[in-house]
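Report on the following structure.
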Amino acid sequence: MPVQQDIDELVGRARDGVPRAVARLISLVEDAHPRVREIAHALTPYTGNARIVGLTGPPGVGKSTSTSALLTALRAAGKRVGVLAIDPSSPFSGGALLGDRIRMTEHAVDPGVFIRSMATRGHLGGLAWATPQAVRVLDAAGFDVILIETVGVGQSEVDVVRLADTTVVLLAPGMGDGIQAAKAGVLEIADVFVVNKADREGAEATVHDLKQMISLVRRELRGPSWRQPIVRTVASRGQGVEDFVRALEEHHEWLVSRDELPRRRAARARDEIEAIAVRQLRSELVDLRDGDRLAELAERVAVRELDPFAAADELIGDLRS
Ligand code: GDP
C-alpha cells in the first residue's frame, strides 16, 4: 500500500509526464484502492484545465479511427492528449486491450499521448465510479484534451455526455439507417455531429436526414442557442479533421461565453459525488449483510413479523447510527 509520500511522489511524476506514473494512478483509482481518497485529494489542486470531449456512436461508425485522426491533429497543434476508451461490455481493462488497434502503433511512442481502455472489471457501477476518477488523473497530469470514447450509444453504463464538456455523436451512411437507430435522444445529447465515411455512397442523404431531424428537435426545444454543426469526415484518410477540430473549438468558446462550462462541470461533480456516496453506502450495507443483523431482520420478515420495507428502514437506520 503506498504511503502519502509515495502518493505525492506518484502525482509529481505523473505531472512530469511519466506515463507509468499516470497508468499506476489510474489503476489505483480503478481498483478503488483504499488510499483513493488521498489520491483524489493530491490530484485536485492540479485539475480543471483539461477539455473533455466525449465521442459516441454506433459500433463500426469509425470512432476509434476518428479518435486516432483527432489525436494526430491535436498533437500537430501541440496539445497533449489523453484517451479513455470505455467498454462496458468487456471485463478487461488496461492498455493491452488496445494492442491490436491502429492508433496504438501510431501513437504508442508519443509521450504527449496517453491511451487507456477502461472496462467494468466486474464491480457494479464500477465504470460510473472509476471513469471520472481516471479523468481527474489525466487532467492533473496536464493533458490538454481528454477524449472519452465509448463503444455504443444508449447502452453504456457510463453516460459519456455527463462526463464531457463537449459530446460528439458520430454517424455514418449505410449503417442500417444509423439515424433512425440513434433515435431522438442522441440528437439532444450531441453538441457536434460527425458524419464519418463521407467517401461512402449515401453520405449526403445522411447529412440531409440529420438536418431535418435536428430542426424538428430544435423546434421542440424552442431553439437552443447552440446550433449543432454537422462535420463530414473521412477519418480513415484524415479528411475533414480540421473542420472537426474547429467545431470542437467553437463549441468550447460557446461554453465559455455562456457560462455553460461551469454548469456542466457542476453537473458532473454532482454525478461524481453521488457515485462515490452510493458506493460507500453499498459497501457499508455489505458489511452489515455479512453480520447477524440482516439475518435477524430476514427471519422476522420470513415469519411476517415485519414487512421488507420496514426491515430495510431498520437496516438503513443502523447505517446512520
Ligand atoms: P468504431 O467501432 O466506431 O470504433 O469503428 P472503427 O474506427 O473501428 O472503424 C470501423 C471500420 O470502418 C474500420 O474498418 C475502418 O477502417 C473503417 N473506416 C473508418 N473511417 C472510415 C471512413 O471515413 N471511410 C471508410 N470508407 N471507412 C472508414
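When a ligand or atom number is given, it counts from 1 through the structure's own listing order. Every heavy atom of this structure was used, including side-chain atoms; hydrogens, water molecules and symmetry mates were not.
- Residues Lys211 and Glu204 are not paired through a salt bridge, judged by the lack of any N-O separation under 4.0 Å between the basic side chain and the carboxylate.
- At a heavy-atom cutoff of 4.0 Å, ligand 1 is contacted by the side chain of Arg200 but not by its backbone.
- Here atom 28 (C) of ligand 1 lies nearest to Ser236 when heavy atoms of Ser68, Ala235, Gly57, Ser236 are compared.
- More than 12 non-hydrogen atoms from other residues, nucleotides or ligands lie less than 6.0 angstrom from CD of Glu284.
- Between Gly60 and ligand 1, at least one N/O pair is under 3.5 Å apart.
- Of the N or O atoms in Ser64, one or more lie within a sub-3.5 Å distance of an N or O in ligand 1.
- Residue contacts with ligand 1: Ser66 is placed with no nitrogen or oxygen under 3.5 Å of a nitrogen or oxygen of the ligand (distance criterion only).
- Not one N or O of Pro59 is nearer than 3.5 Å to an N or O of ligand 1, by distance alone.
- Taking only non-hydrogen atoms, the option from Lys63, Arg232, Glu149 nearest to atom 1 (P) of ligand 1 is Lys63.
- Within the listing of ligand 1, atoms 22 (C), 23 (O), 24 (N), 25 (C), 26 (N) sit less than 4.0 angstrom from a heavy atom of Asp199.
- Taking only nitrogen or oxygen atoms, main chain and side chain alike, Ala198 does not reach within less than 3.5 Å of ligand 1.
- In this pair, Trp226 and His251 present their aromatic rings perpendicular. The plane angle is above 60°, beyond the 30 to 60° band.
- Within the set Asn196, Thr65, Val195, the minimum heavy-atom distance to atom 7 (O) of ligand 1 is found for Thr65.
- A salt bridge does not link Asp243 with Arg232: none of the charged nitrogens is closer than 4.0 Å to a carboxylate oxygen.
- In Leu170, neither the side chain nor the backbone holds a heavy atom less than 4.0 Å from any atom of ligand 1.
- Remark: of the listed residues Arg263, Arg268, Arg51, Arg264, Arg268 is the sole one forming a salt bridge (Lys or Arg N to Asp or Glu O under 4.0 Å) with Asp165.
- Remark: Leu74 CG to Leu147 CG distance equals 6.5 Å, nearest 0.5 Å.
- In this model, a donor atom of one side chain and an acceptor atom of the other lie less than 3.5 Å apart for Arg116 and Ser27.
- Checked for salt-bridge contact, Glu274 and Arg270 miss the test: no charged N lies under 4.0 Å from a carboxylate O.
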